[in-house]
Protein chains: 2
Amino acid sequence: MTDAAADPDTPPVPPPSPWNRARPARVSGAPARPALTRGRIVDAAFTVLDREGYEGLTMRRVAAVLGVTVSALYAHVSSKDELVELMYTRLFDGFTMPAPDPERWQEQVREYAHFGRRRLTEHRDMARISMAHAPFTAELLPHVEGVLAIFRAAGLPDRIAAEAGDLISTYIDGFVLEESLWQDRMAAHGGDGSAGGGSGDGRGMAEQMRDYLASLPAEDFPHLHALAGLMVTDSSDDRFDIGLEIILRGLASYLPDERREGAENGKDGKGENDKKDKS
Amino acid sequence: MTDAAADPDTPPVPPPSPWNRARPARVSGAPARPALTRGRIVDAAFTVLDREGYEGLTMRRVAAVLGVTVSALYAHVSSKDELVELMYTRLFDGFTMPAPDPERWQEQVREYAHFGRRRLTEHRDMARISMAHAPFTAELLPHVEGVLAIFRAAGLPDRIAAEAGDLISTYIDGFVLEESLWQDRMAAHGGDGSAGGGSGDGRGMAEQMRDYLASLPAEDFPHLHALAGLMVTDSSDDRFDIGLEIILRGLASYLPDERREGAENGKDGKGENDKKDKS
DNA sequence: GGTCGCGGGAGAACAGTGTTCACCGCTGGC
DNA sequence: GCCAGCGGTGAACACTGTTCTCCCGCGACC
């Protein structure tokens with residue numbers, strides 16, 4: 001996660017001059033814990049989130065991680081909702097939108113999406129938090145602006161560009177959320193039925209799910225039965241890229257003809273025949 | 001919401017013949033409430049949801065609506081999670097997937113999406129519930145199968161068809177969820193600042209949001225500033241259709257050429273000049 | 001140097017949550 | 001008429017977010 005040094009509460013804050021040092025550094029053997037700040041509280045909240053999940057994210061547990069009582073938190077954070085919102089804001093920390101390059105707009109969107117997904121998967125249940133919040137706080141508006149800039153520079157009509165940002169964000173959040181829901185469900189009932197590390201990398205879970213879908217009666221569910229192997233894969237990376245590509249192609253279809261050159265076969269040239277369209 | 005008569009717990013249930021009436025109809029002035037069933041509990045949960053929102057959806061409140069104690073609920077429902085899952089299942093009640101028609105696949109998907117959005121908007125915070133659940137319960141698999149059937153019949157490659165269903169569902173849920181989040185946020189701070197009914201139809205809220213975006217400094221946020229009028233509109237219907245169309249175009253780009261005829265201009269004209277209706 | 005101010009944290013309390021448990025009252029069947 | 005048992009009751013438990021009062025320990029001030 002991001003460094004606590006980026007915390008807005010402690011701006012540049014020049015190094016404390018040796019004279020006039022504010023606090024004499026706790027003489028005796030006390031734990032000498034650093035001062036409580038919003039940044040440290042958010043850090044603690046993330047360790048609780050990773051360990052207990054979103055349902056287990058509790059003010060009391062956050063306080064316990066810091067070795068502090070609950071009420072101490074409320075001196076720095078007005079409510080749990082605000083704390084969760086601060087966690088949400090961290091999602092975009094350290095990512096600066098690149099300057100729009102009309103030649104590479106699809107690549108730029110892919111990079112943005114991949115960064116978003118990585119950030120979302122870094123912390124358990126983070127997608128649930130992200131989904132419930134809209135990026136309309138002051139710190140997050142620049143990112144929305146950056147995405148908009150890429151789409152408009154690429155030449156998309158305004159009506160489409162205005163919608164494209166939401167579409168991409170929703171896709172990223174929704175994809176990761178669903179991903180994590182599967183893991184939860186698998187871990188819940190029948191989690192460690194097989195041998196080996198229970199909460200592991202999800203390989204066993206994918207197999208279980210695939211087997212379940214494949215076990216559906218082929219006469220009732222022919223397509224589910226047939227596509228079982230494609231709907232749940234060992235790595236979700238391919239599935240994520242496919243969905244992203246569908247959206248990018250849809251967006252590209254709104255480009256003026258002269259800009260569409262090389263657009264539709266942006267990443268993998270296949271899709272057996274979709275070039276030379278409108279020739 | 002669906003009629004209680006469609007409840008699986010109380011099938012056709014012929015009118016009680018005057019003789020042999022099961023229960024003597026509660027002699028004295030007692031309310032003579034009907035028997036508690038899962039269906040009636042879910043109905044009550046929906047009225048609580050509509051009145052109090054998802055945060056206020058409480059077992060005690062559900063019990064109060066039924067004039068019953070909390071513990072009585074647990075005789076029919078094993079947990080609150082199960083109750084919410086039952087509510088989620090109602091989403092698809094009364095919708096049967098049409099038989100796939102390759103000539104009309106885009107229209108069929110649009111109908112499915114519009115139905116889904118309508119259902120989601122019918123109950124407050126329903127999108128939040130839908131988003132947190134995956135349609136992999138036994139009752140919901142037929143719908144997934146139906147969507148898959150449409151995509152495969154249209155001629156989409158299997159890899160794409162497998163992803164398309166998720167993509168559409170995620171879009172619907174995400175769109176409605178974001179829609180409702182805006183309403184909540186607007187209602188929360190500054191809700192009834194203006195005159196007239198506070199919780200109303202959202203016209204005033206859209207204006208507020210648009211004004212906020214338009215008020216951003218144009219030098220820092222040129223695109224957000226310029227597109228304010230497009231990003232938040234009085235009616236979200238157009239925005240929903242635009243996003244849906246982007247996805248459909250992306251999917252269509254994977255069709256073999258001979259099937260793409262008439263695909264890209266499925267609803268409104270293609271490319272850069274697809275406005276010019278707006279008469 | 002002594003005193004004051006005061007801010008940050010402690011601890012208890014409140015209202016409300018999901019869930020469970022022992023207890024009945026009433027009904028239908030014998 | 002009796003009895004079993006279902007279905008609902010009310011109290012309890014272990015939590016939750018949030019708030020209130022109190023107090024310690026430090027820096028600043030006279």
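Below, chains carry the letters A, B, ... as their sequence lines are ordered, and counting in each starts from 1.
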Length of the CG-C1' vector between Leu66(B) and dT9(D), whole Å
15 Å

Can you find a side chain N or O atom of His76(A) that sits less than 4.0 Å from OP1 or OP2 on dG8(C)?
no

Not counting sequence neighbours, list each pair that qualifies as a salt bridge (charged side-chain N to carboxylate O under 4.0 Å, His left out) and has a residue in residues 124-137 of chain A.
Glu55(A)-Arg128(A), Asp125(A)-Arg128(A), Arg128(A)-Asp184(A)

I need the full list of side-chain hydrogen bond (donor to acceptor under 3.5 Å, both in side chains) pairs touching residues 129-141 of chain B, with sequence neighbours left out, sorted by first then second residue.
Ser130(B)-Asp173(B), Thr137(B)-Glu139(B)

Not counting sequence neighbours, which residues clear salt bridge (charged side-chain N to carboxylate O under 4.0 Å, His left out) with Glu145(B)? List them please.
none

What is the distance, to the nearest angstrom, from the CG atom on Leu73(A) to the P atom on dT16(D)?
13 Å

Thinking salt bridges, do Glu178(A) and Arg239(A) make one under a 4.0 Å N-O criterion?
no

Can you run down the salt bridge (charged side-chain N to carboxylate O under 4.0 Å, His left out) pairs that involve residues 69-78 of chain A, sequence neighbours left out, and say none if there aren't any?
none

Nucleotide by nucleotide, 5' to 3', does protein get under 4.0 Å of the base (B), only the sugar-phosphate (S), or neither (-) in nucleotides 16-21 of chain C, counting heavy atoms?
-BBBBB

Separation of dG7(D) atom P from Ile41(B) atom CD1, nearest Å, is 12 Å

Residues in side-chain contact (heavy atoms from CB on, under 4.5 Å) contact with Thr69(A), at least two apart in sequence or another chain:
Ser71(A), Ala72(A)

What is the distance from CD of Glu55(A) to P of dC15(D), rounded to the nearest Å?
16 Å

Taking any heavy-atom pair under 4.0 Å as a contact, classify Ala75(A): base, sugar-phosphate, or nothing.
nothing

